[in-house]
*Asks:* 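If you scroll down you'll find the structure; I have some questions about it.
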2 protein chains.
Amino acid sequence: MRYEEHADEFCSITRPLVVLGDRWTLLILKHSFAGVRRFNAFASSLGISRSRLQNRLDRLVEHGILVKQKADQGAHEEYRLTEKGLDIYPVLMALRDWGDTYMAPDGPPVHYRHHDCTGEAHVRLECDHCRQPMTARDVTPEVGPGLAVLGL
Amino acid sequence: MRYEEHADEFCSITRPLVVLGDRWTLLILKHSFAGVRRFNAFASSLGISRSRLQNRLDRLVEHGILVKQKADQGAHEEYRLTEKGLDIYPVLMALRDWGDTYMAPDGPPVHYRHHDCTGEAHVRLECDHCRQPMTARDVTPEVGPGLAVLGL
DNA sequence: CCGAGTCGGTCTCAAAATGGAACCGAAAGG
DNA sequence: CCTTTCGGTTCCATTTTGAGACCGACTCGG
């Protein structure tokens, strides 16, 4: 099996990974969330080669995660997050929580504050029924409708 | 700047990405969470080449995300998640929530149920002070102690 | 109009990462 | 013994990548 074939799997972890899970894509999106919009700005802040960057941006646009459009003023292009793109934020925040815990010996480099509040954003895995916090150990996988399509 | 230099950035999103953010690593971990432990089992279920797999497993062990040990019975080796590894679960669940929303037209392929409960696990970005749910738009970044080290 | 600068984007090529498959030694089981 | 299975290594052809030169379109000052 080659790598791209994982995109056909009936798994909602694998499918996003095939789109987002390479060295650069999530880094590009991180910069998008930080306000970067222009091709040259991505290129210089990331250190990715221009052709790679083009390739990745195209793919993100193709998947409706970014939109490419002319800036309001100035004739340059801009890459901006769509709603679908904005919804990737929890993934980055989950990475950050883990990074703050295990890879930030001097404490968090950046606080992600709730604006107009003293609190901070944190990802929490919880049960949508009983509202209890959960960990990997509390989860039991079970076949859902997206698999039933196969007639299993 | 080459890719690996991103590991030196003072950013708790970037640092984990340098370790976890390649094509295979998160897929390997997904299989770990699904109970896969043996070298050959990873190799055949993932379709990764054996040398790549070895390389990735070594790196995960090096970072304390997996441990390698002899199985209780049988003399074969096992790769198991450490606590640090188990804490990566929310990242996968965040990817899943996004995948279920945008890449699962027939509904979720798999339910991740709270065992002994009818509910399902979901990732929620919330403010640790006022407990309100948050989105990317509600967040204001602010310098934290891990950056103050630089004397800025 | 001219020429310099900036923009997003493409092309080329050497270097690095990857996939595939053969190969290895150790252990298990007959 | 012999065979199978295990984790793991080595090899090489193919693919992906990084680096930087290059391109045409546009802007702005003169």
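Residue numbering restarts at 1 for every chain, and letters A, B, ... go by the order of the sequence lines.
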*Asks:* Applying ring-ring contact (aromatic ring centres under 6.0 Å, His included), which residue pairs with at least one partner in residues 96-140 of chain A are found, sequence neighbours left out?
*Replies:*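 The answer is A:W98-A:Y102.
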*Asks:* Check nucleotides 7-9 of chain D for protein N or O atoms closer than 3.5 Å to its own N or O atoms and list the pairs.
*Replies:*
{"residue": "D:dG7", "atom": "OP1", "partner": "B:F39", "partner atom": "N", "Å": "3.3"}
{"residue": "D:dG7", "atom": "OP2", "partner": "B:N40", "partner atom": "N", "Å": "3.1"}
{"residue": "D:dG7", "atom": "OP2", "partner": "B:N40", "partner atom": "OD1", "Å": "3.1"}
{"residue": "D:dG7", "atom": "OP2", "partner": "B:N40", "partner atom": "ND2", "Å": "2.6"}
{"residue": "D:dG7", "atom": "N7", "partner": "B:R50", "partner atom": "NH2", "Å": "3.3"}
{"residue": "D:dG8", "atom": "OP1", "partner": "B:K68", "partner atom": "NZ", "Å": "2.1"}
{"residue": "D:dG8", "atom": "OP1", "partner": "B:Y79", "partner atom": "OH", "Å": "3.4"}
{"residue": "D:dG8", "atom": "OP2", "partner": "B:Y79", "partner atom": "OH", "Å": "2.6"}
{"residue": "D:dG8", "atom": "N7", "partner": "B:R50", "partner atom": "NH2", "Å": "2.7"}
{"residue": "D:dG8", "atom": "O6", "partner": "B:R50", "partner atom": "NE", "Å": "3.1"}
{"residue": "D:dG8", "atom": "O6", "partner": "B:R50", "partner atom": "NH2", "Å": "3.4"}

*Asks:* Quick test of your reading: applying salt bridge (Lys or Arg N to Asp or Glu O under 4.0 Å), list the pairs with at least one residue in residues 25-44 of chain A, sequence neighbours left out, ordered by first then second residue.
*Replies:*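 Applying salt bridge (Lys or Arg N to Asp or Glu O under 4.0 Å) to every pair that reaches into residues 25-44 of chain A, excluding sequence neighbours, yields A:K30-B:E9, A:R37-A:E78.
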*Asks:* Using only side-chain N and O atoms of A:W24, determine if any of them is under 4.0 Å from OP1 or OP2 of D:dT17.
*Replies:*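 A:W24 to D:dT17 OP1/OP2: no side-chain N or O under 4.0 Å.
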*Asks:* Judged by atom type as modelled, is there a donor-acceptor pair below 3.5 Å linking the side chain of B:D22 to the main-chain atoms of A:R23?
*Replies:*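 Answer holds: no.
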*Asks:* How close or far is atom P of D:dT17 from atom CG of A:N55, stated in whole angstroms?
*Replies:*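 Value for this atom pair: 7 Å.
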*Asks:* Side chain to side chain contact (heavy atoms under 4.5 Å, CB included) between A:Y89 and B:V139: does it pass, once the steps are laid out?
*Replies:* CA-CA 10 Å; A:Y89 202 62; B:V139 171; 3.3 Å; yes
*Asks:* Test your reading of the model: is there a side-chain donor-acceptor pair from A:R113 to the backbone of A:T118, 3.5 Å cut-off?
*Replies:*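 Answer holds: yes.
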*Asks:* How close or far is atom P of C:dT18 from atom CZ of B:R23, stated in whole angstroms?
*Replies:*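 Atom CZ in B:R23 sits about 8 Å away from atom P in C:dT18.
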*Asks:* In whole angstrom, give the distance that lies between atom CG of A:L53 and atom P of D:dT17.
*Replies:*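 In whole Å, D:dT17 P and A:L53 CG are 13 Å from each other.
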*Asks:* In whole angstrom, give the distance that lies between atom CG of A:D22 and atom C1' of D:dT16.
*Replies:*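 Roughly 11 Å, once rounded to whole Å.
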*Asks:* Just the rounded figure in Å: distance from P of C:dT18 to NE2 of A:H6.
*Replies:*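 These atoms are roughly 14 Å apart.
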*Asks:* Let me spell it out: for each of A:R52 and B:R52, pick the nucleotide of DNA chain C with the closest heavy atom. Which residue's pick is nearer the 5' end?
*Replies:*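 Taking each residue's closest nucleotide, the earlier one in sequence belongs to A:R52.
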*Asks:* Taking the side chain as everything from C-beta on, heavy atoms only, tell me whether A:E120 gets closer than 4.5 Å to B:E126.
*Replies:*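 No; the side chains remain at least 4.5 Å from each other.
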